[in-house]
Student: 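Shown below is the structure under consideration.
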Amino acid sequence: MANPMIATSENVTSTDPGNNFKDDFLVINNVKKSFPTVDGEYVVLNGVNLTIKQGEFICIIGHSGCGKSTLLNMVSGFSKPTSGTVKLKGKTIERPGPDRMVVFQGYALLPWLTVYENVYLAVNAVYPDKSKGEKDKIVKDHLAMVGLTEAMEKTPTQVSGGMRQRVAIARALSIRPEVLVLDEPFGALDAITKEELQEELLKIWNHSRSTVLMITHDIDEALFLADKLVMMTNGPSAAIGEVLEIPFKRPRDRARIMEMPEYYKIRNYALDFLYNRYAHDDDAK
Amino acid sequence: MAVAQKRPATTSKFTIDDKLKARIIDDYITPFVTLLILLSIWQVFSLFNQNLPGPIRVVQDTWKLILYPFYDKGGTDKGLFWQIFASLQRVLIGYSLAAVVGISVGVLIGLNRRVYKGLDPIFQILRTVPPLAWVPIALAALQQNQPAALFVIFITAVWPILINTAVGVKQIPQDYTNVAQVLQLPRSEFFFKILFPSALPYIFTGLRIAIGLAWLAIIAAEIVMSGIVGIGFFIWNAYQNGQVSEIILALVYIGLVGWGLDKLMDWLQHKILPGQVKD
């Protein structure tokens, strides 16, 4: 089954010669990350290679402690690789920046600001030259997009976990990042809220089509959302084990894709990778 | 069905009444009865010790001071209101100074690891110096009673504010600084939207400890500074004249004012930081 996404991106490349990084938009090249410990160097990641096209939705899956978050931290710029490079549009990533906005694991909303003010803080920081009215409109549009217009004046502590995650997503998307980095965004949510938010995220992503890098523990979540599923081997010295193409056409319908025979083929393949070929040593996790 | 619905409404009304009753008993009647018991023990005790007047004698002896807190016969011979007012004024000035210096220096050393490591041991030692120990050096250096008193309050109150502020700044959750980094927030935005609100509960803890210490310090400072109006010197003067009842009355007032100051800070803390007070 041909992926219509690739067809469009090829079309755009040919008509838009100014943009040379459509296909190697985000390039992780031979990255190694190690931390010094009392017992010597501890290598978390070694020989990680990944090339991501512009507009791709990538899910990363792997056991706890395999360095998924470490890898994401190097994309967002919070840490640098010990060796190797991470480049966005040909430029090495040196520090965090709003072009690679992060949706943090714990939401990271400021509890003393209202929902509106939390998003406004981001918009105001990234677009200092826009007028107050323009910034206000951006904030309100994005809050409306995640269905939070009613809760605008509440503080994060006054709303539910699902709503907090919506605020975090609205904040991240309001500044139109080139790469959206999500670290297990739905891990702490109940199953129903989780599915709702997955659908909303897809809907919004359909509009913005920014490149998405998302860590997940949930294979079904990855199969529903991603273009590619990156499966990591176990640490120490973890690397990328395999990259699976998720061929389902967009827009996706959860019930429909779950009926497809391919769905279970891919799902079982991924499960086999995680629980047989790279089973985690300690079962406590 | 209708009965079943009505019933919980009436019971809940009863429980509200019961709760209110329990609160009145807990918060007012119990402390009041305890106070009466303690006063009677004191009264009985004073029967065996002629040097310590009992509560009834104290009230008899100081009746005039209690009734006329606003009298002013010039010099240091003023009513208790004016004595306390003078002391509170000193506390206000010294404490405000300590708050300004403590918060700004605290933020500075909280942000810079090297400066923090360098200054923290010195601060930890200086903060344990009791207020009274500062008095001679303050008098020697400043020569005059008034500025010396202010200095003693300042130097006593500044440490908890400074140290708590520094800790508060150091403890800003990583999540918040990460947000600031990703958004590349300008310094002023970072300060007012993240650093200050995040450290505020710690700053308030420091301010609240400091107000108690400042009140403690002023009494100590005034006792050795003769010839100034203030509740501390009032006590010393009463002691010199052998008026033990006046000392006891002044102690009660000092306690009440100290308690009031603490309650004021508590109220302010809840007012400014609703829902995120750290105790």
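Throughout, protein chains are lettered first and strands after them, A, B, ... in sequence-line order, and every chain is numbered starting at 1. Only heavy atoms go into these numbers, but all of them, side chains included; no hydrogens, no water, no symmetry mates.
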Student: Measure distances from A:R100 to the heavy atoms of chain B and classify the residue's part below 4.5 Å as side chain, backbone, both or neither.
Tutor: backbone

Student: Side chain, backbone, both or neither: which part of B:E189 has an atom under 4.5 Å from a heavy atom of chain A?
Tutor: side chain

Student: How far apart are the closest heavy atoms of A:G97 and B:Q184, and which atoms are they?
Tutor: CA-NE2, 3.6 Å

Student: What part of B:I194 is in contact with chain A, defined as an atom under 4.5 angstrom from a non-hydrogen atom: side chain, backbone, both or neither?
Tutor: both

Student: Would you say B:Q171 has more than 12 foreign heavy atoms packed within less than 6.0 Å of its CD?
Tutor: yes

Student: Is B:V182 close to A:F78 at the side-chain level, that is, under 4.5 Å between some pair of heavy atoms?
Tutor: yes

Student: B:Q83: which residues meet the side-chain hydrogen bond (donor to acceptor under 3.5 Å, both in side chains) condition with it, sequence neighbours left out?
Tutor: none

Student: Which heavy-atom pair separates A:L109 from B:Y176 by the least distance, and what is that distance?
Tutor: O-CE2, 3.5 Å

Student: Suppose we screen for salt bridge (charged side-chain N to carboxylate O under 4.0 Å, His left out). Which residues come up paired with A:K203, at least two apart in sequence or across chains?
Tutor: none

Student: Give the interface residues of residues 155-186 of chain A toward chain B, defined by a heavy-atom separation under 4.5 Å.
Tutor: A:R171, A:I175

Student: Before giving the answer on ring pair (Phe, Tyr, Trp, His ring centres under 6.0 Å), spell out for B:F196 and A:W112 the whole-Å C-alpha distance, their side-chain angles and the decisive distance to 0.1 Å.
Tutor: CA-CA 11 Å; B:F196 202 66; A:W112 44 83; over 10 Å; no

Student: Would you say that more than 12 heavy atoms from the other residues, nucleotides or ligands in this model lie under 6.0 Å from the NZ of A:K228, or not?
Tutor: yes

Student: Suppose a student defines contact as a heavy atom less than 4.5 Å from any heavy atom of chain B. Which residues in residues 121-143 of chain A would they list?
Tutor: A:L121, A:A122, A:N124, A:A125, A:V126

